[in-house]
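Everything on this sheet refers to the single structure shown next.
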Amino acid sequence: MPEMPEVEIIKRSLQDRLVGRTIQQVDIMLPRLIKWPTADRFQAITTGKKITSLTRRGKYLLFGLEDDLVIVVHLRMTGKLLYSSANTQQDRFSRIKFYLDNGDMMQYADSRTLGTLYAMSLDELWRITGLSSMGPEPLSEDFTLNYLKEGLKKHKGNIKALLLNQRFIGGLGNIYVDESLAIAGIHPERKADSVTESEVDKLFSSINAVIRDGIEHGGTTFRDYRDGNGHSGSHQFHLRVYGRKLLPCLICGTPIVKIEVAGRGTHYCPNCQR
DNA sequence: ACAGGAACCTGATAGC
DNA sequence: TGCTATCAGGTTCCTG
């Protein structure tokens with residue numbers, strides 16, 4: 001469900017409330033969500049630990065704990081982290097609860113149960129391949145125009161699949177890729193190596209702009225995305241193509257088309273994007 | 001290298 | 001109303 005802007009907002013909404021708190025109790029209602037180590041070990045090594053930091057890498061959240069331990073969470077499609085008082089009615093899809101030393105809790109809720117959680121020491125993070133092999137993120141120093149240019153040049157496949165590949169760029173997902181391509185005027189089925197110099201320039205700035213705007217608007221709430229306090233974002237009101245099938249393009253009025261590319265629903269303007 | 005499909009899962013919604 | 005099909009902000013693995 002969430003892409004990098006949504007995960008960033010979740011991080012910001014939880015950071016101040018969690019850092020410094022101690023995890024007093026962990027209830028795991030759905031053990032198979034724990035991918036490392038076992039659910040029992042996860043519970044044993046996190047219980048009683050103080051949370052020392054909360055950071056994000058791509059779509060992963062990393063809860064730093066004392067003793068150089070870390071809890072890693074990937075929300076996949078429908079995962080949520082919700083902070084509340086411990087006696088609040090639990091979410092309908094609550095799967096894991098972290099009870100804190102101040103009488104509050106953070107629950108991991110997930111309707112499709114595709115999310116993944118890990119607990120390990122910092123020097124074991126290499127075990128999470130999606131994390132350790134992740135490419136540079138938009139808005140970061142490592143994500144340069146030249147990196148994008150060279151990467152596109154080397155790829156024979158279509159550009160949408162490449163932009164979705166987290167090894168190439170960390171954090172982009174289906175919505176923000178469609179939006180980036182729309183602003184840059186590039187058809188999602190274009191071969192990556194066919195993109196021209198001036199198009200790469202536009203794409204580079206559109207990727208950064210779309211991610212920056214997404215964060216500024218508190219994320220995109222299309223269905224069930226919420227931040228750590230249960231609040232919706234508003235970037236859905238700023239989307240150019242995603243979810244706008246048959247609606248007029250905001251630039252030229254041509255109806256937005258929806259097709260399948262790289263196995264994902266893909267929206268674009270057939271007039272503006274070539 | 002790359003495309004396509006399946007798998008992991010469940011819920012909301014559209015269509016009949 | 002009730003059944004069936006389709007789709008979903010993600011990632012990984014397998015086959016051709």
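A quick note: this is a predicted structure, and the numbers were derived from the prediction, not measured. Any value given below was found using the heavy atoms of this structure, including those in side chains, with hydrogens, waters and symmetry copies removed. Throughout, protein chains are lettered first and strands after them, A, B, ... in sequence-line order, and every chain is numbered starting at 1.
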Next item on the list: Using the P atom as the reference point in each nucleotide, state the distance between dC9(B) and dT4(C) in Å, no decimals.
Entry: 23 Å
Any N/O pairs under 3.5 Å between the protein and nucleotides 13-16 of chain B? List them or say none.
none

Margin query: What is the distance, to the nearest angstrom, from the OH atom on Tyr118(A) to the P atom on dT11(C)?
Written below: 11 Å
Next item on the list: By nearest nucleotide on DNA chain C, pick out whichever of Leu164(A) and Gly265(A) is the more 5' one.
Entry: Gly265(A)
Check: NA contact type, Arg92(A), heavy-atom cut-off 4.0 Å: base, sugar-phosphate, or nothing?
Finding: sugar-phosphate
Check: Could you go step by step and tell me if His217(A) and Gln236(A) meet the side chain to side chain contact (heavy atoms under 4.5 Å, CB included) rule?
Finding: CA-CA 9 Å; His217(A) 295 135; Gln236(A) 62 276 16; over 6 Å; no
Check: When you look at CG of Asp68(A), are more than 12 heavy atoms from neighbouring residues, nucleotides or ligands closer to it than 6.0 Å?
Finding: no
Item checked: Salt-bridge criterion met for Asp178(A) and Arg240(A) (N-O under 4.0 Å) -> no
Checklist line | Residue-phosphate contact under 4.0 Å: Lys258(A) side-chain N/O, dA8(C) OP1/OP2 | finding: yes
Check: Could you state the OH-P distance from Tyr242(A) to dC7(C), rounded to the nearest angstrom?
Finding: 12 Å
Check: What distance, rounded to whole Å, do you find between the two P atoms, one in dA1(B) and one in dG10(C)?
Finding: 24 Å
Next item on the list: Using the P atom as the reference point in each nucleotide, state the distance between dA6(B) and dT6(C) in Å, no decimals.
Entry: 13 Å
Check: Salt bridge check: are Glu6(A) and Lys59(A) linked by an N-O gap of less than 4.0 Å?
Finding: no
Note to self: Strictly below 4.0 Å: does His155(A) bring a side-chain N or O up to OP1 or OP2 of dC2(B)?
What the structure shows: yes
Item checked: Given dA8(C), dG11(B), dT11(C), the nucleotide with the shortest approach to the side chain of Gln166(A) -> dT11(C)
Notebook entry, point to check: Is there a donor-acceptor pair closer than 3.5 Å between any side-chain N or O of Arg57(A) and the backbone N or O of Met134(A)?
Noted result: yes
Check: In whole Å, what is the span from the NZ atom of Lys153(A) to the P atom of dA1(B)?
Finding: 17 Å
Margin query: Hydrogens and angles aside, do Asp123(A) and Ser121(A) bring a side-chain donor and acceptor to less than 3.5 Å of each other?
Written below: yes
Checklist line | Whole angstrom value for the distance that separates C1' of dG10(C) from CG of Leu163(A) | finding: 16 Å
Checklist line | Given dT12(C), dA8(C), dT11(C), the nucleotide with the shortest approach to the side chain of His74(A) | finding: dT11(C)
Next item on the list: Calculate the interatomic distance between Lys154(A) atom NZ and dA1(B) atom C1'; express it in whole Å.
Entry: 13 Å
Next item on the list: Grab the stems for DNA chain B, please: at least three consecutive Watson-Crick or wobble pairs, both distances below 3.5 Å, written as range with range.
Entry: B:2-8 with C:10-16, B:10-16 with C:2-8
Next item on the list: Would you mind reading off the distance between Leu131(A) atom CG and dT11(C) atom C1', rounded to a whole angstrom?
Entry: 13 Å
Check: Side chains of Ser13(A) and Tyr83(A): donor-acceptor distance under 3.5 Å anywhere?
Finding: no
Notebook entry, point to check: Ring centroid separation for Tyr242(A) and His235(A), is it under 6.0 angstrom?
Noted result: no
Note to self: How many whole angstroms separate atom CZ of Phe222(A) from atom P of dA12(B)?
What the structure shows: 17 Å
Margin query: Strictly below 4.0 Å, N to O, side chains only: are Glu150(A) and Lys153(A) in salt-bridge contact?
Written below: yes
Note to self: Please tell me whether Thr113(A) and Arg32(A) have a donor and an acceptor in their side chains that are separated by less than 3.5 angstrom.
What the structure shows: yes
Checklist line | Test item: Asn208(A) side-chain N/O and Leu139(A) main-chain N/O as donor-acceptor pair under 3.5 Å | finding: yes
Next item on the list: Using a strict cut-off of less than 4.0 Å between a Lys/Arg side-chain nitrogen and an Asp/Glu carboxylate oxygen, indicate whether Lys50(A) and Glu66(A) qualify as a salt bridge.
Entry: no
Check: Taking it one step at a time, do Phe98(A) and Phe63(A) satisfy ring-ring contact (aromatic ring centres under 6.0 Å, His included)?
Finding: CA-CA 12 Å; Phe98(A) 298 89; Phe63(A) 299 80; 7.3 Å; no
Notebook entry, point to check: Rounded to the Å, how far apart are His267(A) NE2 and dA8(C) P?
Noted result: 7 Å
Next item on the list: Starting at the 5' end of nucleotides 3-10 of chain B, put B wherever the base has a protein heavy atom under 4.0 Å, S where only the sugar-phosphate does, and a dash everywhere else.
Entry: S----BBB
Checklist line | Partner residues of Asn87(A) under the side-chain contact (heavy atoms from CB on, under 4.5 Å) criterion, sequence neighbours left out | finding: Ser85(A)
Interface polar pairs with nucleotides 14-16 of chain C, N/O, under 3.5 angstrom:
none

Note to self: Filter on ring pair (Phe, Tyr, Trp, His ring centres under 6.0 Å), then keep only pairs touching residues 107-155 of chain A, sequence neighbours left out; what's left?
What the structure shows: Phe143(A)-Phe204(A), Tyr147(A)-Phe168(A)
